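All figures in this text were calculated on a predicted structure; none of them were measured in a lab. In what follows, chains carry the letters A, B, and so on, assigned in the order in which the sequence lines appear, proteins first and then strands, with residues in each chain numbered from 1.
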Amino acid sequence: MSTEDQLSSSYHILTPLENAFYTNINNQEQPQMMNRIMSIINDRLDDAQQYKDAFNRNPMQPILFDILREIKQKNGLNMRQISNEDDSYKQELARLDTMLLAERIVDRYPNEVSTNNSMEIEHPEYEEKLNRIRHFYHTELARFDKNSNDFCTHVLTLLHEQSQIRPITPEEISHMISMVRKKLCLIQIQLKQNTCEAVMNLRTRFLDARRKRRNFDKTTQKILNEYFYSHLSNPYPSEQVKEELARKCGVTISQVNNWFGNKRGRYKKNMLKNE
DNA sequence: TCGTATGATTGAGA
DNA sequence: TCTCAATCATACGA
């Protein structure tokens with residue numbers, strides 16, 4: 001169906017503006033305007049500028065643009081879908097921002113001093129590499145912000161220029177900008193994901209290094225041995241006791257479990273050897 | 001440097 | 001899920 005047919009078939013629901021247009025089309029000085037619009041596709045480029053200028057000077061041009069804008073609006077854009085996608089991107093960005101905050105790549109407020117948490121790794125090399133990741137992230141983010149603002153401004157300028165020669169609704173402009181922002185948002189998500197991944201890799205490397213065994217200090221050994229030998233008949237501490245011992249010794253419950261597992265096995269082995 | 005002690009990991013079994 | 005036994009990797013002391 002041609003555009004002209006579409007216009008005709010929807011005549012029964014025409015708005016007052018459309019009615020005015022058709023009345024003018026049918027009765028007044030531009031009866032061939034629609035035909036001219038339809039055939040313009042076959043024109044040579046050299047002629048096109050002339051037609052465009054003539055079209056822009058035509059007093060009916062604004063009315064035609066208004067109607068076409070209304071038709072576009074009716075045929076509509078699925079804003080709800082865009083809105084849902086926006087929400088999921090926002091959620092993903094919020095999740096990544098929380099991670100970047102926790103890993104001290106970003107501060108909650110400018111000049112805020114990061115507080116230490118229990119998983120903090122205190123190692124000069126770790127700090128140095130973390131600083132490099134932080135610096136890279138902020139540099140890239142600043143570059144991204146500048147480029148995306150420039151790009152959006154450019155798109156807006158382009159759309160504004162385009163609106164002189166074709167009907168563009170404000171919703172359509174807003175839709176296009178939101179599409180552009182959505183694409184930019186994906187780049188931002190990628191940057192943040194890569195940064196988080198880099199920090200995780202760094203953290204894993206240093207946590208692995210810390211897994212190198214360290215003997216428990218004398219106090220810890222004394223506390224654990226005291227419990228073990230005073231409960232030789234049943235050296236299986238309850239969960240509550242394990243928690244208490246872990247707290248007293250400043251080790252994890254898992255370490256307490258390992259210690260008792262090793263101790264029972266080795267004690268038994270020694271006893272058998274001595275018999 | 002080497003033997004031993006020790007914390008952590010893994011796989012099997014209850 | 002807990003325990004045990006075997007094993008690994010490292011710390012430690014002589």
Inset, instruction - Report yes if some heavy atom in the side chain of A/L100 is under 4.5 Å from a heavy atom in the side chain of A/D97; otherwise report no. - result: yes
Legend entry - Sequence neighbours excluded, every pair satisfying salt bridge (Lys or Arg N to Asp or Glu O under 4.0 Å) that has a member inside residues 252-265 of chain A: none
Inset, instruction - Could you pull out all residues at least two apart from A/H138 that satisfy ring pair (Phe, Tyr, Trp, His ring centres under 6.0 Å)? - result: none
Legend entry - A/C152 versus A/V180, closest heavy-atom pair with distance: SG-CG1, 4.1 Å
Inset, instruction - Would you please name every residue forming a salt bridge (Lys or Arg N to Asp or Glu O under 4.0 Å) with A/D145, sequence neighbours left out? - result: none
Inset, instruction - Decide whether A/D217 and A/Q221 meet the rule of one side-chain donor and one side-chain acceptor closer than 3.5 Å. - result: no
Inset, instruction - Considering non-hydrogen atoms only, spot the tightest contact between A/I189 and A/L93 and give its length. - result: CG1-CD2, 3.7 Å
Legend entry - Any A/K268 side-chain N or O less than 4.0 Å from OP1/OP2 of C/dA5: yes
Inset, instruction - Using five base pairs at each end, measure the axis-to-axis angle across the helix from B/dT1-C/dA14 to B/dA14-C/dT1 and round it to 10 degrees. - result: 10°
Legend entry - Closest-nucleotide ordering on DNA chain C, the 5'-leading residue of A/G265 and A/E239: A/E239
Legend entry - Residues touching DNA chain C, which here means a heavy atom under 4.0 Å, drawn from residues 218-229 of chain A: none
Inset, instruction - Any chance you could pull the hydrophobic cluster mates of A/L272, using side-chain heavy atoms under 4.5 angstrom and chaining through other members? - result: none
Inset, instruction - Using the test salt bridge (Lys or Arg N to Asp or Glu O under 4.0 Å), find all partners of A/K218 that sit at least two apart in sequence or belong to another chain. - result: none
Legend entry - Strand contacts (DNA chain C) in residues 242-261 of chain A, 4.0 angstrom heavy-atom criterion: A/K242
Considering only nitrogen or oxygen atoms on both sides, find all protein atoms under 3.5 Å from nucleotides 6-9 of chain C and state each distance.
from, atom 1, to, atom 2, distance (Å)
C/dT7, O4, A/R266, NH2, 3.4

Legend entry - Smallest separation among heavy atoms of A/P237 and A/K242, with atom names: O-CE, 3.4 Å
Inset, instruction - Under the ring pair (Phe, Tyr, Trp, His ring centres under 6.0 Å) rule, collect the residues that match up with A/Y137, sequence neighbours excluded. - result: none
Inset, instruction - Can you sort out the partners of A/K268 under salt bridge (Lys or Arg N to Asp or Glu O under 4.0 Å), two or more places apart, ordered by chain and number? - result: none
Inset, instruction - Please go through A/M271's hydrophobic cluster and name the other residues, only I, L, V, M, F, W, Y counting, with side-chain heavy atoms under 4.5 Å joining them. - result: A/F216, A/I223, A/L224, A/Y227, A/F228, A/Y229, A/L232, A/V241, A/L245, A/V251, A/V256, A/W259, A/F260, A/Y267
Inset, instruction - Quickly work out the A/F216 CZ to C/dC12 C1' distance and round it to whole Å. - result: 16 Å
